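The basis for the numbers below is simple: all heavy atoms, side chains too, and nothing from hydrogens, waters or symmetry mates. These numbers come from a predicted model, not from an experiment. Note on naming: letters A, B, ... go to the chains in the order of the sequence lines (proteins, then strands), and numbering restarts at 1 for each one.
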Amino acid sequence: MDFHVIKTKQFPLSDGILGTKKQSDETSKEQKIGIASLPEENINSKKKRKVDVLDCTSCEHVNKEGNEEPHNSYLYKNLDLAFPSVKRRSLQWRKIIRNNLDLDYTLLFPCDVADSLLQVLENELDYFTGDLAKIHIFGKWLDVPRKQVTYGDPGLTYKYSGIVRPAQPWPQPLEAVRDLLGNVTGYNFNFVLVNRYKDGSDKMGEHKDDERDLDSQAPIASVSLGQARDFYFRHQDTKPPKKLNIEKVLLQLQHGSLLLMNPPTNQFWYHALPPRKSAPGVRINLTFRKIIPH
DNA sequence: AACATAACAGTCGT
DNA sequence: TACGACTGTTATGT
């Protein structure tokens, strides 16, 4: 069996490009704020990687044991061993503060770990079909322009925009990510919404995660895997008829990144993942939430 | 009972 | 031309 897939570097791990864009008017000019390279702790250096990430040595070890385990079991073992090392890394956080917006962004996973996690999720996850793949909005039932599935603690549901998404039992790799996020953030998430964007034509429209059954004290933790995609926040009062001139906040969500949307961001700001025809790859996004049981 | 809308279609500008 | 930014839905649920 060929285990080399774990070493595949499909997606480069690079800095996020953050910036803001002026509200559309005659002076509209894009103003980009480059984010400096991550300092000293160069996560792309091979030396650091040996420390942080399980490499081929352990692959071969498992192989030579004559272990006939299926491919995915092998990947699971790597993630279990790799995650504690992620926890120990000193993460470089970027804080983004605006009027009632509060974000934290970091590159959580080394590239190899992010690649493995993406592969495991691609192999393991089944997405909703039928009614659960539709959304009710402006009086119409429409297919969501992406794939979705939700997991969480038994009995939990997530309601938004007139639909109900039931928690499926936690798959092992998402449990592992949930526990890692508990360590990194200090919050115990009990639910995750998975969105899969097959390419740059898949998208998500503007909305606020301001549902009543979300714990208003907890952030929403968004993990991005695969194709980097543009993402933006837009203040609610920039919409007609108010049209206040508050700048958008633009981000590029990188492979292996974690974005924390802290309160009260989702009370005041919409966010969206616009289509990007030039972004060909698959992206999987995990938004971990804390839902108040009812 | 105001109010918001995780979607699309249409317009306009580049 | 195609893409991206922006506007207006529309009938239902809260």
Side-chain angles (χ1 to χ4, degrees), chain A residues 17 19-32 100-101 127-152 157-167 191-214 216 220-224 227-253 259 261 264-280 283-289 291-292 294:
Chain A
I17 298 168
T20 57
K21 186 170 181 178
K22 276 235 165 195
Q23 182 74 5
S24 169
D25 61 15
E26 55 282 348
T27 64
S28 170
K29 273 178 189 163
E30 197 158 322
Q31 173 194 14
K32 278 195 175 161
N100 287 316
L101 176 137
Y127 293 88
F128 288 142
T129 58
D131 289 347
L132 287 174
K134 293 184 185 301
I135 193 163
H136 196 207
I137 185 170
F138 284 98
K140 290 175 180 161
W141 284 98
L142 299 160
D143 293 332
V144 295
R146 58 191 175 274
K147 284 182 173 175
Q148 279 191 328
V149 65
T150 51
Y151 302 99
T157 61
Y158 185 43
K159 294 194 260 285
Y160 66 87
S161 193
I163 59 171
V164 181
R165 301 272 122 112
F191 193 92
V192 64
L193 168 62
V194 183
N195 281 291
R196 182 185 186 275
Y197 305 87
K198 68 178 185 306
D199 59 33
S201 65
D202 277 4
K203 65 205 178 212
M204 179 151 52
E206 290 182 353
H207 69 283
K208 292 185 282 192
D209 287 348
D210 58 351
E211 282 65 43
R212 288 254 293 285
D213 50 357
L214 288 174
S216 61
I220 291 172
S222 169
V223 173
S224 294
Q227 174 69 59
R229 289 285 295 268
D230 288 350
F231 190 72
Y232 70 82
F233 290 85
R234 178 193 194 194
H235 194 280
Q236 60 183 10
D237 293 343
T238 65
K239 286 191 152 229
K242 279 200 173 183
K243 298 186 75 170
L244 296 186
N245 191 14
I246 303 173
E247 290 181 358
K248 277 184 172 180
V249 175
L250 307 178
L251 296 84
Q252 198 180 53
L253 299 180
L259 176 70
M261 294 184 273
T265 304
N266 276 116
Q267 291 179 34
F268 295 91
W269 293 72
Y270 295 92
H271 56 271
L273 189 96
R276 284 293 178 266
K277 300 298 162 76
S278 58
R283 171 173 184 266
I284 290 181
N285 182 67
L286 316 169
T287 47
F288 289 84
R289 298 144 193 276
I291 291 182
I292 302 166
H294 52 270

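- Closest to the side chain of A:Arg234, from the set B:dA7, C:dT7, B:dA6, is C:dT7.
- With C:dC6, C:dT7, C:dG4 as the candidates, the nucleotide lying closest to the side chain of A:Lys243 is C:dT7.
- Of the candidates C:dC6, B:dC8, B:dA6, the closest approach to any side-chain atom of A:Tyr160 belongs to B:dA6.
- OP1 or OP2 of C:dA5 sits under 4.0 Å from a side-chain N or O of A:Arg276.
- When the P atom of B:dA6 is taken as reference, atom OH of A:Tyr197 falls 13 Å away, rounded to whole Å.
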Can you give the dot-bracket line for DNA chain C, where a pair is Watson-Crick or G-U wobble with both atom distances under 3.5 Å, crossing pairs use [ ], and | marks a partner on another strand?
.||||||||.||||
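- No engagement by A:Lys134 is indicated, since no non-hydrogen atom pair under 4.0 Å with the nucleic acid exists.
- Looking at A:Arg289 and A:Val192, their side chains never come closer than 4.5 Å, going by heavy atoms from C-beta outward.
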Starting from the C-alpha separation in whole Å, work towards a yes-or-no answer on side chain to side chain donor-acceptor pair (under 3.5 Å) for A:Ser222 and A:Asn285.
CA-CA 7 Å; A:Ser222 169; A:Asn285 182 67; 2.9 Å; yes
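- Closest to the side chain of A:Ser161, from the set C:dA5, B:dT5, C:dC6, is B:dT5.
- Taking the side chain as every heavy atom from C-beta outward, A:Lys134 and A:Leu142 never approach each other to under 4.5 Å.
- Taking 4.0 angstrom as the limit, A:Lys248 places a side-chain polar atom (N or O) nearer than this to OP1 or OP2 of C:dC6.
- Residues A:Arg196 and A:Tyr127 form a side-chain contact, since some pair of their non-hydrogen atoms from C-beta on lies under 4.5 Å apart.
- Each of A:Pro240 and A:Tyr232 was assigned the nucleotide of DNA chain C with the nearest heavy atom; the assignment lying further toward the 5' end belongs to A:Tyr232.
- A close approach under 4.0 Å does not occur between any side-chain nitrogen or oxygen of A:Tyr270 and OP1 or OP2 of B:dA4.
- A:Gln148 comes within 4.0 angstrom of nothing in the nucleic acid, heavy atoms only.
- In this structure, A:Asn195 reaches neither bases nor backbone, as no heavy-atom distance under 4.0 Å exists between it and the strands shown.
- Here the P atom of nucleotide B:dA6 and the CZ atom of A:Phe231 are 14 Å apart, to the nearest Å.
- Remark: the A:Tyr158 side chain and the B:dA6 base include a donor-acceptor N/O pair separated by less than 3.5 Å.
- The CG-P distance, from A:Asp143 to B:dA7, rounds to 11 Å in whole Å.
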Which parts of nucleotides 9-14 of chain C does protein reach within less than 4.0 Å, heavy atoms only, written one letter per nucleotide 5' to 3' as B for base, S for sugar-phosphate only and - for none?
BBBS-S
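- Note on ring orientation: taking the six-membered ring where Trp is involved, the planes of A:Trp141 and A:His136 are parallel (angle under 30°, cut-offs 30° and 60°).
- For A:Lys242 and B:dC3, the NZ to P distance is 12 Å, given to the nearest whole Å.
- Nearest heavy-atom pair, A:Ala279 versus A:Arg229, reported as atom, atom and distance to 0.1 Å: CB-CD, 3.8 Å.
- No more than 12 heavy atoms of other residues, nucleotides or ligands sit less than 6.0 Å from atom NZ of A:Lys140.
- Across all strands, A:Glu211 comes closer than 4.0 Å to base atoms (heavy-atom distances).
- Taking the six-membered ring for Trp and the full ring otherwise, A:Phe191 and A:Tyr158 have centroids separated by under 6.0 Å.
- Atom CG of A:Asp230 is separated from atom P of C:dA5 by 8 Å (rounded to the nearest Å).
- Within the nucleic acid shown, A:Pro274 has no heavy atom closer than 4.0 Å to any nucleic acid atom.
- Side-chain contact between A:Tyr160 and A:Asp209: absent, with no pair of heavy atoms (C-beta onward) separated by less than 4.5 Å.
- For the pair A:His271 NE2 and B:dT5 C1', the computed distance is 14 Å after rounding to whole Å.
- Note: A:Arg165 CZ to A:Thr157 OG1 = 11.5 Å, rounded to the nearest 0.5 Å.
- Residue A:Arg146 is in sugar-phosphate contact alone, with no base atom involved, counting any heavy-atom pair closer than 4.0 Å across all strands shown.
- Distance A:Ile135 CD1 to B:dC8 P: 9 Å, rounded to the nearest Å.
- Between the NZ atom of A:Lys203 and the P atom of C:dA5 there is a distance of 13 Å, rounded to whole Å.
- Geometric assessment of A:Lys239 against the ring of A:Tyr270 yields a positive cation-pi assignment under the 6.0 Å and 45° thresholds.
- Here the side chain of A:Arg289 is nearest to one of B:dC8, C:dG8, B:dA6, namely B:dA6.
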